[in-house]
Amino acid sequence: MAMEFKFEERTIALVKGDITKQEVDIIVNAANPSLRGGGGVDGAIHRAGGEVILQECIQKYPHGCKTGEARITTAGKMAAKWVIHTPGPVWKGGHVGEVSLLESSYRNSISLANEYKADSIAFPSISTGVYGFPIHLAAKIAIKTVLSMFSRTTLSRVHFVLFSEKDFQIYFKELKNFIIN
Ligand code: AR6
């Protein structure tokens with residue numbers, strides 16, 4: 001299922017489904033600082049792309065990646081050209097910089113996509129699985145941060161890919177609020 005919206009002559013798609021199947025230039029991975037794979041969407045991306053992603057992470061990023069930063073690899077067997085790996089923050093109650101770290105994950109991913117002159121990018125709901133970030137707040141941050149940069153980049157499409165109907169509806173509500181207000 002997908003819904004499309006126009007924003008400043010660009011397209012935002014809300015998609016319910018599997019991010020590894022998205023036909024976009026860049027897929028964003030909700031990674032952890034080791035960049036050595038994991039569960040959730042990270043596991044799905046490494047499985048779908050194949051060994052080459054892990055090999056590249058090890059070779060190019062021996063020290064992994066700090067929370068809120070972003071690193072790029074190719075996408076192996078997936079339709080996308082690249083994967084941007086960004087470790088979002090672990091939610092610890094909201095008083096240790098979680099909001100600004102999540103903003104940084106989105107901001108640094110968009111900047112890197114722009115450096116690579118990408119036309120399209122797909123985001124999962126970073127930090128809202130194992131890392132426990134409240135999804136309503138995370139959806140607001142994701143939408144606000146991405147849309148505030150969108151028109152100054154090479155990107156013409158951004159996909160927010162949600163794995164469940166519940167998450168999809170939360171993003172839908174936040175996106176409508178943001179576009180209308
Ligand atoms: N496509 C789209 N979304 C997905 C998919 C998929 N194939 N699989 C899961 N999700 P999580 P985090 C959703 O836990 O909270 C990993 O082990 C999922 O339902 O993957 O940032 C890493 O290595 C949820 O809404 O990421 C880290 O250690 C969202 O993706 C840690 O988990 C994010 O859930 C990162 O935790």
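We count ligands from 1, going down the list as the structure has it; atoms in each ligand are counted the same way.
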- Query: Do any nitrogen or oxygen atoms of Thr20 come within less than 3.5 Å of a nitrogen or oxygen of ligand 1?
  - Reply: no
- Note on the structure: In terms of its nearest heavy atom to atom 33 (C) of ligand 1, the top option of Ser125, Ala138, Ala30, Gly40 is Ser125
- In plain terms, say whether Glu174 and Lys144 are close enough for a salt bridge, that is, a side-chain N and a carboxylate O under 4.0 Å apart. no
- Item | Per-atom contacts, ligand 1 versus Asp18 - under 4.0 Å to a heavy atom | 1 (N), 6 (C), 7 (N)
- Message: Which of the numbered atoms in ligand 1 are under 4.0 angstrom from any heavy atom belonging to Thr128?
- Response: 15 (O), 25 (O)
- Item | For Val130, all residues meeting side-chain contact (heavy atoms from CB on, under 4.5 Å), sequence neighbours excluded | none
- Message: Using a 4.0 Å cut-off to any heavy atom of Asp167, which atoms of ligand 1 qualify?
- Response: 25 (O)
- Is any side-chain N of the basic residue among Glu165 and Lys16 closer than 4.0 Å to the acidic one's carboxylate O? yes
- With a cut-off of 4.0 Å, which atoms of ligand 1 are near a heavy atom of Phe163? 1 (N), 2 (C), 3 (N), 4 (C), 5 (C), 6 (C), 7 (N), 8 (N), 9 (C), 10 (N), 13 (C), 19 (O)
- Task: Taking only heavy atoms of Gly17 into account, list the atoms of ligand 1 that are under 4.0 Å away from them.
- Result: 1 (N), 2 (C)
- Query: What about Val130: any of its N or O atoms under 3.5 Å from an N or O on ligand 1?
  - Reply: yes
- Task: Tell me which protein heavy atom sits closest to atom 15 (O) of ligand 1, plus the residue, atom name and distance to 0.1 Å.
- Result: Gly129 N, 2.8 Å
- Strictly under 4.0 Å, does any heavy atom of Ser164 approach an atom of ligand 1? no
- Query: Would you call the rings of Tyr116 and Trp82 parallel, tilted or perpendicular, where under 30° means parallel and over 60° means perpendicular?
  - Reply: perpendicular
- Task: Closest by any non-hydrogen atom to atom 31 (C) of ligand 1: pick that one out of Trp91, Tyr131, Phe123.
- Result: Tyr131
- Message: If the cut-off is 4.0 Å to any non-hydrogen atom of Ala44, which atoms of ligand 1 fall inside it?
- Response: 7 (N)
- Answer yes or no: are there more than 12 heavy-atom neighbours, outside Lys60 itself, under 6.0 Å from its atom NZ? yes
- Item | Residues which pass side chain to side chain donor-acceptor pair (under 3.5 Å) with Ser151, listed by chain and number, not counting sequence neighbours | Glu8
